[in-house]
Amino acid sequence: MALSSAFWRLNLLSKPSVSLRALKPFKPKPRPMSSLPISSKLNPSNFSASKNPTSLDPKTRTPYPQHDLIVLGIETSCDDTAAAVVKSNGEILSQVISSQADLLAQYGGVAPKMAEEAHLQVIDRVVQEALNKANLTERDLSAVAVTIGPGLSLCLRVGVRKARKIAGTFSLPIIGVHHMEAHALVARLTEQELQFPFMALLISGGHNVLILARDLGHYVQLGTTIDDAIGEAYDKIAKWLGLDLRRSGGPAIEELAREGDAKSIKFSTPMKQHKDCNFSYAGLKTQVRLAIESKNINATIPVSSATSEDRRSRADIAASFQRVAVLHLEERCERAIEWALKIEPSVKHMVVSGGVASNQYVRAQLDQVVQKNNLQLVCPPPSLCTDNGVMVAWTGIENFCMGRFDPPPPADEPEDIEFDLRPRWPLGEEYTEGRSEARSMRTARIHPSLTSLVQASLQQKL
Ligand code: KG4
Ligand code: ZN
């Protein structure tokens, strides 16, 4: 039976001033190696879609050798162009990110066409620099991993085209990666103790999900946002408060909030009456906007030029917003832990990842909730919480080891071909008991969830 089944394919359809920042390599603790044979560079004939699985290692359940794989990861789903080279023992050989923060600051949000342009300008440089820093060429790679969704189609396409170009030219297998799965799984790179099942709260600019990760490719969605994600609220409020957005709104609010009194303004916590694990940040955003208006804060005056009284009042708003925004996370996590332990009593860890997880206040508050419930919090380092290529490469490695990859694309693939990108792609199926009436699911053009695809393929193999 096919190991690398069609579900994983990128499925070609026949339808018709940015700064480079190289990040310091991160050295994780060594991981125990599996007992499977070593193959640093797989023979292309080994990864054909019709290859039969070898017997599975009972401990790791990986049908493919996992030693010494070297995978290039490419991420372009939103506003960062990122690439990294990672080894299957968890060693990060290089990591490069080109951020569009200047554009964001200028336009106050991601404009897809401009973001695509910015990705196009730097993608070749970013990938080349990742290879150079790793002291490797494409010929040393075992596979290429690339984010295929969720995200902005125009942006995803830039990364996918680049990945397929490399994979086609150098005859490398290719792995299509789910962006949110990557945010969760990167924690398994940095924390070797982290085994399935575990819980994950993934908080970023576009997503706000609570999941139970039962196994690789098997996720139960315990909660999601009914409107905005928390990162979107941080970004908008930072803009209304006249903060410096060059590092995005989150860090600016976190910093200013340290000067403020978090109890000074009584914002109400969202969705108190809904006894589920879903989130909502649109109402809190409106409450904060009204507070900003009532205090006559003028966002055109940067906070750095504000009077001390004005600065104090902006800091109070930032701190009060952050307290309630995070309280909402805490309340939902409390309930989600209860639900998750009902489904999988052996859960021991809660991962918190995604850009907002780099916030120290968020981490400290969630640590309390998790500890109270006898679980352990796992947060990747901040540079691996925000979008990066390492998480994509690592997720590629995890999936590759399970035989979930595609064969190399043709070397002469036309430039203008359309790819099967997945801009709206849920990670898992919704937990039935947790369905919220408050959530008006916009189902149009939603791709079947990653979990349903993986489970369907596993059924086929039986
Ligand atoms: O995961 P990410 O890099 O990109 C998306 O997938 O969206 O997350 C970006 C989001 C932005 O909204 C940014 O403001 C937020 O993460 N963020 C933070 C912090 N650092 C980044 N939010 C709060 N505090 C931070 N320190
Ligand atoms: Zn992200």
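Just so you know, ligand 1 is whichever comes first in the structure, and atom 1 is the first atom listed for that ligand.
- Of all the heavy atoms of His207, none lies under 4.0 Å from any atom of ligand 1, so neither backbone nor side chain is involved.
- Counting only heavy atoms of the protein, atom 7 (O) of ligand 1 lies nearest to Gly205 N, 2.8 Å.
- Nearest protein neighbour of atom 12 (O) of ligand 1, counting heavy atoms only, is Asp235 OD2, 2.7 Å.
- Heavy-atom proximity to Gly206, at under 4.0 Å, picks out these atoms of ligand 1: 7 (O).
- A salt bridge links Arg258 with Glu254: the distance from a Lys NZ or Arg NE/NH1/NH2 to an Asp or Glu carboxylate oxygen falls below 4.0 Å.
- Under a 4.0 Å criterion applied to the non-hydrogen atoms of His183, ligand 1 contributes the atoms 1 (O), 6 (O).
- Nearest residue to atom 26 (N) of ligand 1 from Met180, Glu254, Glu232 is Glu254 (criterion: closest heavy atom).
- Atom 21 (C) of ligand 1 has as its closest protein heavy atom Gly355 O, 3.4 Å.
- Of the charged side-chain nitrogens involved, none lies within less than 4.0 Å of a carboxylate oxygen, so that Arg125 and Glu129 do not count as a salt-bridged pair.
- The distance from the Zn ion (ligand 2) to the nearest N/O/S atom of His183 is under 2.8 Å.
- Contact of the Val351 side chain with the Leu194 side chain is registered, since non-hydrogen atoms from C-beta on lie closer than 4.5 Å.
- In terms of N/O distances under 3.5 Å, ligand 1 is not approached by Tyr234.
- The shortest heavy-atom distance from Ser358 to ligand 1 is under 4.0 Å.
- Ion pairing between Lys295 and Asp310 fails under the 4.0 Å rule for side-chain N and carboxylate O.
- Atom 13 (C) of ligand 1 has as its closest protein heavy atom Ser248 OG, 3.4 Å.
- Salt-bridge formation is detected for the pair Asp124/Lys162: a Lys NZ or Arg NE/NH1/NH2 atom is positioned less than 4.0 Å from an Asp or Glu carboxylate oxygen.
- When the N, O or S atoms of Asp387 are ranked by distance to the Zn ion (ligand 2), OD1 comes first.
- Under a 4.0 Å N-O distance rule, the pair Glu259/Arg314 does not qualify as a salt bridge.
- Applying the 4.0 Å criterion to heavy atoms of Gly231 picks out, from ligand 1, the atoms 12 (O).
- Regarding atom 15 (C) of ligand 1, its nearest protein heavy-atom neighbour is Val356 CG2, 3.9 Å.
- Among the atoms of His179, an N, O or S atom is found under 2.8 Å from the Zn ion (ligand 2).
- Centroid-to-centroid, the aromatic rings of Tyr281 and His328 come within less than 6.0 Å.
- Atom 18 (C) of ligand 1 has its closest protein heavy atom at Gly250 CA, 3.5 Å.
- Heavy-atom contacts from other residues, nucleotides or ligands closer than 6.0 Å to CD of Glu309 number 12 or fewer.
- The pair Arg404-Glu398 does not count as a salt bridge, with every side-chain nitrogen at least 4.0 angstrom from each carboxylate oxygen.
- The single protein non-hydrogen atom nearest to atom 24 (N) of ligand 1 is Asn359 ND2, 3.0 Å, given as residue, atom name and distance.
- Between Trp425 and His447, the angle of the ring planes goes over 60°, which puts this pair in the perpendicular group of the 30/60° scheme.
- Annotation: atom 2 (P) of ligand 1 to nearest protein heavy atom, Asp387 OD1, 3.3 Å.
- Taking 4.0 Å as the cut-off between side-chain N and carboxylate O, Arg247 and Glu255 count as a salt-bridged pair.
- Comparing heavy-atom distances from atom 19 (C) of ligand 1 across Gly354, Pro251, Ala357 singles out Pro251 as nearest.
- A salt bridge is absent between Lys263 and Asp261; no separation between the charged side-chain nitrogens and carboxylate oxygens falls under 4.0 Å.
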